[in-house]
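This report concerns only the one structure given below.
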Amino acid sequence: MKEKKPLIIQSRWMRKGYCLNLFGTFWARDTSWIDRYVINHERIHTAQMRELLFIPFYIIYVVEWLIRIIQYRDVHKAYLNISFEREAYIHGHDLGYLKQRRHFASIHYLRKTQRK
């Protein structure tokens with residue numbers, strides 16, 4: 001079965017080269033750089049959001065990001081080390097990952113070693 005194409009909304013308010021996933025809808029300044037791997041990365045986030053019933057996902061995401069900023073003293077490094085992002089970056093190129101992903105898999109990325 002072919003997967004449904006995600007809704008990608010173009011917004012001039014978005015920073016170039018960034019994609020924001022809000023409740024399973026993707027927001028980007030332009031879509032020229034969004035390939036199947038970016039879509040897979042964002043779909044991993046959508047799976048994470050569904051498990052946590054959306055709003056708690058965003059709360060945990062921001063709280064963990066703030067903790068990581070204190071931990072790494074670097075905003076970008078903090079972002080890369082958020083457990084949700086670690087799971088999505090590690091498995092973003094595995095297009096079959098979501099079919100075999102276990103529920104709440106991002107918990108395992110809280111303790112793993114840091115991304116540079």
Side-chain angles (χ1 to χ4, degrees):
M1 182 167 91
K2 193 172 180 180
E3 284 196 39
K4 190 172 78 169
K5 202 169 184 185
L7 175 60
I8 303 173
I9 298 173
Q10 290 184 262
S11 171
R12 64 185 177 108
W13 300 106
M14 287 297 300
R15 192 171 169 186
K16 270 189 176 180
Y18 285 80
C19 186
L20 176 68
N21 185 336
L22 289 175
F23 303 97
T25 302
F26 306 165
W27 294 71
R29 186 175 196 112
D30 70 272
T31 60
S32 61
W33 63 277
I34 296 178
D35 60 13
R36 61 188 176 166
Y37 303 112
V38 173
I39 291 170
N40 194 51
H41 174 101
E42 295 304 332
R43 283 186 170 147
I44 292 169
H45 285 319
T46 301
Q48 295 164 341
M49 289 175 204
R50 285 185 181 137
E51 291 168 346
L52 294 169
L53 305 176
F54 293 94
I55 300 299
F57 168 86
Y58 293 106
I59 294 168
I60 293 166
Y61 189 103
V62 170
V63 168
E64 186 178 351
W65 181 62
L66 292 172
I67 291 168
R68 301 291 183 197
I69 288 173
I70 294 165
Q71 181 181 7
Y72 295 110
R73 297 183 183 355
D74 180 293
V75 173
H76 185 67
K77 199 170 191 179
Y79 158 76
L80 290 174
N81 282 284
I82 296 168
S83 57
F84 300 121
E85 291 299 340
R86 292 175 63 157
E87 179 187 8
Y89 276 112
I90 289 168
H91 298 287
H93 281 76
D94 179 358
L95 298 177
Y97 176 68
L98 282 172
K99 289 184 176 112
Q100 51 95 28
R101 179 184 180 270
R102 291 177 174 236
H103 290 295
F104 301 101
S106 55
I107 290 170
H108 300 291
Y109 296 90
L110 280 169
R111 290 176 285 186
K112 298 233 182 195
T113 56
Q114 70 181 11
R115 287 180 53 93
K116 304 223 182 215

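All values below come from the heavy atoms of this structure, side chains included, with hydrogens, waters and symmetry mates left out.
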**Q.** Residue pair His45, Glu85: steps toward the side chain to side chain donor-acceptor pair (under 3.5 Å) verdict
**A.** CA-CA 8 Å; His45 285 319; Glu85 291 299 340; 3.2 Å; yes
Q) Can Glu51 and Arg101 be said to form a salt bridge (charged side-chain N to carboxylate O under 4.0 Å, His left out), step by step? A) CA-CA 12 Å; Glu51 291 168 346; Arg101 179 184 180 270; 2.5 Å; yes
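Proximity of a side-chain donor or acceptor of Glu42 to a complementary backbone N or O of Phe26 within less than 3.5 Å is not detected. With hydrogens and angles disregarded, a donor-acceptor distance shorter than 3.5 Å links the side chain of Arg29 to the backbone of Arg12. Formation of a donor-acceptor pair under 3.5 Å by the Asn21 side chain with backbone atoms of Arg43 is not found in this model.
Side-chain contact between Leu52 and Tyr58: absent, with no pair of heavy atoms (C-beta onward) separated by less than 4.5 Å. You'll find the side chain of Asn40 stays beyond 4.5 Å of the side chain of His93, heavy atoms only. Taking the side chain as every heavy atom from C-beta outward, Val75 and Trp65 approach each other to under 4.5 Å. Looking at Leu110 and Glu64, their side chains come closer than 4.5 Å, going by heavy atoms from C-beta outward.
When hydrophobic clusters are built by joining Ile, Leu, Val, Met, Phe, Trp and Tyr residues whose side-chain heavy atoms come closer than 4.5 Å, directly or via intermediates, Phe23 is grouped together with Ile59. Cluster membership check: Tyr18 shares its hydrophobic cluster with Val62, using side-chain heavy-atom separations under 4.5 Å among Ile, Leu, Val, Met, Phe, Trp and Tyr. Taken together through direct or relayed side-chain contacts under 4.5 Å among Ile, Leu, Val, Met, Phe, Trp and Tyr, Ile9 and Met49 form part of one hydrophobic cluster. Grouping the Ile, Leu, Val, Met, Phe, Trp and Tyr side chains by contacts below 4.5 angstrom, directly or via other members, places Leu80 with Ile69. One hydrophobic cluster, built from ILVMFWY side chains closer than 4.5 Å, holds both Leu7 and Phe54.
Once rounded to the nearest 0.5 Å, the distance linking CD1 of Ile55 with CD1 of Ile60 reads 11.5 Å. The line from OH of Tyr89 to CD1 of Ile82 is 9.5 Å long, rounded to the nearest 0.5 Å. Rounded to the nearest 0.5 Å, atoms CD1 (Ile39) and OG1 (Thr46) are 11.0 Å apart. Taking CG from Asp74 and CZ from Arg68, the interatomic distance works out to 13.5 Å, rounded to the nearest 0.5 Å. Atom CD of Gln10 sits about 4.5 Å away from atom OG1 of Thr31, to the nearest 0.5 Å. Remark: Lys99 NZ to Asp94 CG distance equals 10.0 Å, nearest 0.5 Å.
Taking every heavy atom of both residues into account, Ser83 and Ser106 meet most closely at CB-O, 3.5 Å. The two atoms that bring Ala47 and Leu98 nearest to each other are CB-CD2, 3.9 Å, heavy atoms only. Closest of all the heavy-atom pairs between Ile34 and Cys19 is CD1-SG, 4.4 Å. Contact between Ala105 and Glu87 at its shortest, heavy atoms only, is CB-OE2, 3.4 Å. When all heavy atoms of Trp27 and Ser11 are compared, the closest pair comes out as CE3-CB, 4.0 Å.
Leu95 belongs to a hydrophobic cluster whose remaining members, ordered by chain and number, are Tyr37; membership requires side-chain heavy atoms of ILVMFWY residues under 4.5 Å apart, directly or through intermediates.
Scored by the ring pair (Phe, Tyr, Trp, His ring centres under 6.0 Å) test, Phe57 finds Tyr61, Phe84 as partners (sequence neighbours excluded). Applying the ring pair (Phe, Tyr, Trp, His ring centres under 6.0 Å) test to His91 and every residue at least two apart in sequence or in another chain returns Tyr97.
Taking the six-membered ring for Trp and the full ring otherwise, Tyr79 and Tyr72 have centroids separated by 6.0 Å or more.
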